[in-house]
Each structure stands twice: as C-alpha cells, then as structure tokens.
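Please read the structure below before turning to the comments.
When reading the values below, keep in mind they use all heavy atoms of this one structure, side chains included, and skip hydrogens, waters and symmetry mates.
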Amino acid sequence: MTAHVLVVNAGSSSLKYSLVDADTGVALATGLVERIGEESGGSHTHTGPDGTKHREDRQCRSHEEALRTAVDAFGRIGPSLTETPITAVGHRVVHGGARFADPVVVDDQVLAAVADLVPLAPLHNPANLEGLTVARRLFPDLPHVAVFDTAFHQTIPPRAYTYAVPLAWRDEHRIRRYGFHGTSHQFVSGEAARMLGRDPAEVNVIVLHLGNGASATAVRAGESVDTSMGLTPLEGLVMGTRSGDIDPALHAHLARQFGWTLEQIDTALNRDSGLKGIAGQNDFREVVRLRAEGDPAAELAFDVYAYRIRKYVGAYYAVLGSVDAIVFTAGVGEHNPDLREAALAGLDRLGIRLDLERNRGEVDGPTLVSPAGADVAVLVIPTNEEWEIARQTLTALGR
Ligand code: AMP
C-alpha cells in the first residue's frame with residue numbers, strides 16, 4: 001500500500017508542510033503558515049492536488065493553531081485525509097548533535113535529547129521541538145519520526161570535524177563541525193549514483209547545494225566525509241545573507257575597534273552579509289539582473305560567490321582523491337548556468353569540464369551538463385528534501 005508521509009518543518013515563526021507519496025516523491029499537497037505568533041501580516045498558503053495555490057490572510061497565535069489550519073485546509077481544499085490517510089509524520093529537525101546519525105522514532109526521550117541540543121541551535125531546535133510537540137498532540141495515534149539535518153554528516157572523520165581549539169571547548173561544550181543540509185546532500189548524492197548507473201558505495205561525489213543557504217559536501221562511497229558548514233550554518237560558502245568563511249579574529253577586531261557587541265556582529269554576519277552584504281541583494285536572480293546591467297557590486301558578488309565554490313571544489317577533490325561527479329542543486333545551482341560555468345572554469349586539468357550547450361539548455365529534472373565520457377560527470381539534480389525525509393521516516397519505522 002502506498003505510504004503518505006506528512007513532512008513538517010517548523011521554524012520559529014513559520015510552519016511548512018507537505019504530504020508526500022513516499023514511493024514516487026510526489027507531493028499531494030504543500031503548504032506554509034507564516035508570521036506565527038506575530039502581531040499582523042500572517043498568511044497561509046495551501047496547494048492541493050490540482051496545483052492551484054490557495055492563499056489567505058491568517059494570523060495564527062501558535063504552532064498548534066498553524067497545524068490545525070493546515071489540517072483544516074486538507075478538508076476544504078484537499079486531498080481529504082480520510083481518502084488519503086497519513087501513514088506517519090516526518091519532522092525536519094535541524095540539530096541532532098553527535099547523538100543522532102540516523103532518523104529516529106520520536107518519544108519523550110528523543111524530545112529531551114532535542115531540547116538538550118538547543119544550545120547548539122538556539123534558533124532552530126526550539127521551533128522544531130514545538131513542531132514535534134504540537135504534531136504529537138494533534139496526531140497522537142500516528143508514528144512521528146525526527147529526521148536531522150546534521151545526521152548525514154555524522155560519518156565525517158575526526159580529522160575533518162575537529163576544530164583546533166582547547167580540549168575543554170570540544171569536550172564540555174561540544175564544539176566541532178556538524179554540517180547541515182544533510183537530507184539534501186544525501187538525496188542528490190544518491191541520485192547522482194543512480195544517474196551514473198552505479199552503486200552509491202562505488203562513487204565519490206562533490207555536492208554543491210546552492211540555495212538561500214549554501215554548502216558543499218564531499219561524499220565518498222555514499223558517506224559524507226567533509227562538509228563546508230560547521231558548528232553553525234554560517235561557515236563555508238557565500239550565501240544569500242551569510243558571509244560563509246571569515247577570519248575568526250573578525251569578531252574581536254570589530255568589538256575592540258568599534259565597541260560592537262557579539263550580538264550585533266553575529267546578526268550582521270548571518271543576516272546582512274553574503275550576496276546582500278556585497279551587492280545589496282540576497283536573491284541571486286536580482287544579483288544576476290544587476291550584473292547584466294553592469295552594476296560593479298553585483299559583478300563582485302557573483303565573482304566572490306563563484307570563487308568560493310571553486311575553492312571548495314578543489315579542496316574536496318583533494319579530500320576524495322578521485323571524483324566521479326560534481327552535482328549542482330537547490331535554487332541557484334539548478335537554475336543558473338553562468339554560475340556553474342564560472343565556478344568550474346579552468347578546472348580542465350582535473351577532468352572537470354562543462355558542455356556549454358548542455359549547461360545552457362533546459363534543465364527540467366536530473367541533467368548531465370558535462371561532455372559525454374568526461375572524467376568527472378557534472379550533473380544538475382533538483383533536490384527533494386521532503387521526499388528524502390518521507391523515505392527516512394519509513395526507514396526508521398522499519399518499512
Ligand atoms: P532555495 O533556497 O533552494 O529555494 O534557493 C533560493 C535561491 O535560488 C535564491 O537566491 C534565488 O534567487 C535562487 N534562484 C531561484 N530561481 C532562480 C533562477 N531561475 N535563476 C537564478 N537563481 C534562482
């Protein structure tokens with residue numbers, strides 16, 4: 001029988017959901033409740049089976065009210081949860097620390113463990129916890145599974161996850177590299193092996209997840225062996241509003257020279273940096289538009305963004321020793337041929353080449369954009385984190 005998994009992604013003031021056919025990955029419905037708990041401007045969108053987007057103004061006071069709103073939309077717009085019953089609920093949880101290397105069926109102990117990890121993800125884990133709690137209350141008879149963004153990276157060896165910092169920081173405060181976007185990296189690296197017609201255990205892949213957040217992962221034989229995000233999602237590639245790698249002495253410099261607080265600096269690095277910091281725009285499409293008009297700041301932003309990717313490709317090539325495929329995924333990776341071209345330019349000697357025509361062609365589904373027979377296959381693979389969460393939910397339930 002087909003299993004339908006309700007995938008829930010609870011943010012601090014939003015709740016995203018999707019009813020996924022776990023066999024095919026098709027979403028029978030998707031929805032988003034925004035500005036939960038805020039004074040005004042709340043909204044709910046629900047897209048049902050016919051693909052029509054229904055949007056209404058809706059101020060939800062709590063995540064519980066938001067989830068009830070979603071359930072109500074299934075009744076009004078469809079699909080009916082009586083005709084398409086939910087098999088299980090899969091929850092995206094950002095931080096699983098070193099404790100969770102796999103998805104896990106949620107019980108009170110798991111909730112306590114997610115709460116214990118709040119210091120490592122103070123913005124995300126409390127919201128995820130709230131989502132887990134209200135969904136268990138609303139669907140007490142369904143199994144709930146937590147799927148962690150960090151889990152796929154738990155195979156990273158100590159030499160790659162250890163920061164060279166004092167022992168007490170590492171031991172007592174759990175300071176290390178964890179990595180994020182795990183479900184996406186896992187999904188697309190698996191798809192890449194499938195596209196190459198090979199067993200995932202035989203292929204080495206560099207995955208470039210380039211969305212609002214962005215990260216690169218080196219995958220050896222199906223396992224993550226290094227990734228660009230670290231203790232938090234700030235490290236690594238340049239992102240929409242995050243700086244990515246910076247000199248760790250920057251905080252001290254700004255605090256000493258200008259008296260800025262850590263809070264101010266952290267906020268600026270997370271929200272006002274990246275593409276936004278350089279070009280004034282966090283949306284890559286806007287950067288592309290301004291660049292085409294000859295805007296020098298947009299040109300620089302594009303350049304810095306692409307250059308950082310190239311550095312990580314080189315680093316992960318060295319980590320893996322041999323690379324079978326490089327995969328571009330998420331908003332920017334899937335949709336911007338210029339960026340793919342700029343990021344991989346000049347790497348021919350490493351066997352990395354693009355077929356410029358294929359790269360510029362229509363990308364609708366998984367696509368090979370390198371020349372046939374190239375040493376390294378360059379692939380564009382749309383990510384599908386919801387499907388991966390649905391599949392992992394069933395795996396955790398032993399199905
Ligand atoms: P995601 O987080 O995967 O939804 O990706 C969001 C990012 O992808 C934003 O920076 C968008 O500007 C970018 N993006 C989405 N569509 C396109 C497109 N057609 N061309 C360039 N960038 C795009």
Side-chain angles (χ1 to χ4, degrees), residues 2-36 41-60 63-94 103 124 127-128 130-132 134-135 138-139 142 144-147 149 181 183-184 186-188 191 209 211-213 283 329-335 364-366 381-394:
T2 309
H4 297 109
V5 176
L6 181 68
V7 177
V8 175
N9 184 354
S12 56
S13 65
S14 68
L15 187 125
K16 223 169 137 181
Y17 60 89
S18 180
L19 184 65
V20 179
D21 178 324
D23 291 333
T24 62
V26 169
L28 305 173
T30 58
L32 174 66
V33 184
E34 286 183 291
R35 299 182 74 86
I36 299 168
S43 67
H44 172 220
T45 44
H46 182 97
T47 305
D50 67 358
T52 313
K53 199 174 202 170
H54 299 259
R55 186 191 176 284
E56 56 170 5
D57 293 334
R58 176 88 193 213
Q59 204 61 54
C60 291
H63 284 77
E64 176 149 358
E65 195 178 327
L67 195 54
R68 285 189 194 282
T69 302
V71 173
D72 179 58
F74 278 99
R76 283 184 298 116
I77 302 163
S80 143
L81 294 179
T82 323
E83 286 159 28
T84 321
I86 301 171
T87 312
V89 186
H91 296 261
R92 176 183 182 228
V93 178
V94 168
H124 294 105
N128 300 153
E130 181 66 11
L132 282 164
V134 305
L138 241 65
F139 301 110
L142 290 178
H144 293 254
V145 172
V147 180
D149 234 25
H181 290 145
T183 48
S184 178
Q186 189 165 6
F187 178 81
V188 298
E191 287 298 300
H209 175 110
N212 273 322
D283 190 312
T329 193
V332 178
E334 291 166 30
H335 299 296
D364 185 17
I381 301 180
T383 192
N384 193 336
E385 289 166 274
E386 285 75 19
W387 190 13
E388 185 63 33
I389 291 174
R391 292 200 293 212
Q392 292 196 21
T393 296
L394 296 185

key: Expected output: side-chain Asp149 to main-chain His181 donor-acceptor under 3.5 Å   = yes
request  = Indicate yes or no for a side-chain donor-acceptor contact from Glu334 to the backbone of Thr383 under 3.5 Å, with no hydrogens or angles considered.
outcome  = yes
key: Heavy-atom pair with the smallest gap, counting every atom of Val93 and Ala146   = CG2-CB, 3.8 Å
key: Gap between atom CG of Leu19 and atom CD1 of Ile86 - 0.5 Å precision   = 6.0 Å
key: Heavy-atom side-chain contact between Thr69 and Arg58 under 4.5 Å   = yes
task = Please name the pair of heavy atoms, one in Ala73 and one in Tyr17, separated by the smallest distance, quoted to 0.1 Å.
result = CB-OH, 4.3 Å
task = Locate the shortest heavy-atom distance separating His144 from Leu142; write the atom from each residue and the value.
result = CD2-O, 3.0 Å
query = Do Leu138 and Glu64 have side chains that get closer than 4.5 Å, going by heavy atoms?
reply = yes
key: Test salt bridge (charged side-chain N to carboxylate O under 4.0 Å, His left out) applied to Asp50 - qualifying residues, sequence neighbours left out   = none
ask   = Counting distance only, does the side-chain N/O of Ser18 pair as donor-acceptor with the main-chain N or O of Val20 below 3.5 Å?
value = no
ask   = With side chains defined as the heavy atoms from C-beta onward, is the minimum distance between Gln186 and Gln392 less than 4.5 Å?
value = yes
task = Identify the two heavy atoms, one from Ala10 and one from Asn128, that lie closest to each other, and give their separation to 0.1 Å.
result = O-ND2, 2.9 Å
task = Assess whether salt bridge (Lys or Arg N to Asp or Glu O under 4.0 Å) is satisfied between Arg391 and Glu388, documenting all intermediate values.
result = CA-CA 5 Å; Arg391 292 200 293 212; Glu388 185 63 33; 3.1 Å; yes
Non-hydrogen side-chain atoms of Val5 and Leu394 separated by less than 4.5 Å = yes
ask   = Would you say the side-chain atoms of Asp21 pair up with the backbone N or O of Thr2, donor to acceptor, closer than 3.5 Å?
value = no
inquiry  = side chain to side chain contact (heavy atoms under 4.5 Å, CB included), that's the test. Do Thr52 and Ile77 meet it? Break it down for me.
reply    = CA-CA 10 Å; Thr52 313; Ile77 302 163; over 6 Å; no
ask   = Once you round to the nearest 0.5 Å, how far does CG of Asn9 lie from CZ of Arg92?
value = 5.0 Å
inquiry  = Please evaluate residues Leu67 and Phe139 with respect to the criterion side chain to side chain contact (heavy atoms under 4.5 Å, CB included), reporting the C-alpha separation (whole Å), side-chain torsions for both, the decisive distance (0.1 Å), and the verdict.
reply    = CA-CA 10 Å; Leu67 195 54; Phe139 301 110; 4.3 Å; yes
task = Return yes if some donor-acceptor pair links the side-chain N/O of Asp57 with the main-chain N/O of Gly41 below 3.5 Å, else return no.
result = no
ask   = Would you find a donor on one side and an acceptor on the other, under 3.5 Å apart, between the side chain of Gln59 and the backbone of Arg35?
value = yes
ask   = Between His63 (side chain) and Gly11 (backbone), is there a donor-acceptor pair under 3.5 Å?
value = yes
query = Closest heavy-atom contact between Pro79 and Leu28?
reply = CD-O, 3.8 Å
task = Check for a donor-acceptor pair, side chain of His209 on one end and backbone N or O of Val188 on the other, with a separation under 3.5 Å.
result = no
message = A side-chain contact here means heavy atoms from C-beta on lying under 4.5 Å apart; do Leu6 and Phe74 qualify?
response = yes
inquiry  = For the OG1 atom of Thr329 and the NE2 atom of His335, what is their distance to the nearest 0.5 Å?
reply    = 9.0 Å
message = How close do Arg55 and Ser43 get, counting heavy atoms only, and between which atoms?
response = NH2-CB, 3.3 Å
remark   = To the nearest 0.5 Å, atom CG of Leu32 lies from atom CG of Leu15 at 8.0 Å
key: Exam field: side chain His46 to backbone Gly78, donor-acceptor pair closer than 3.5 Å   = yes
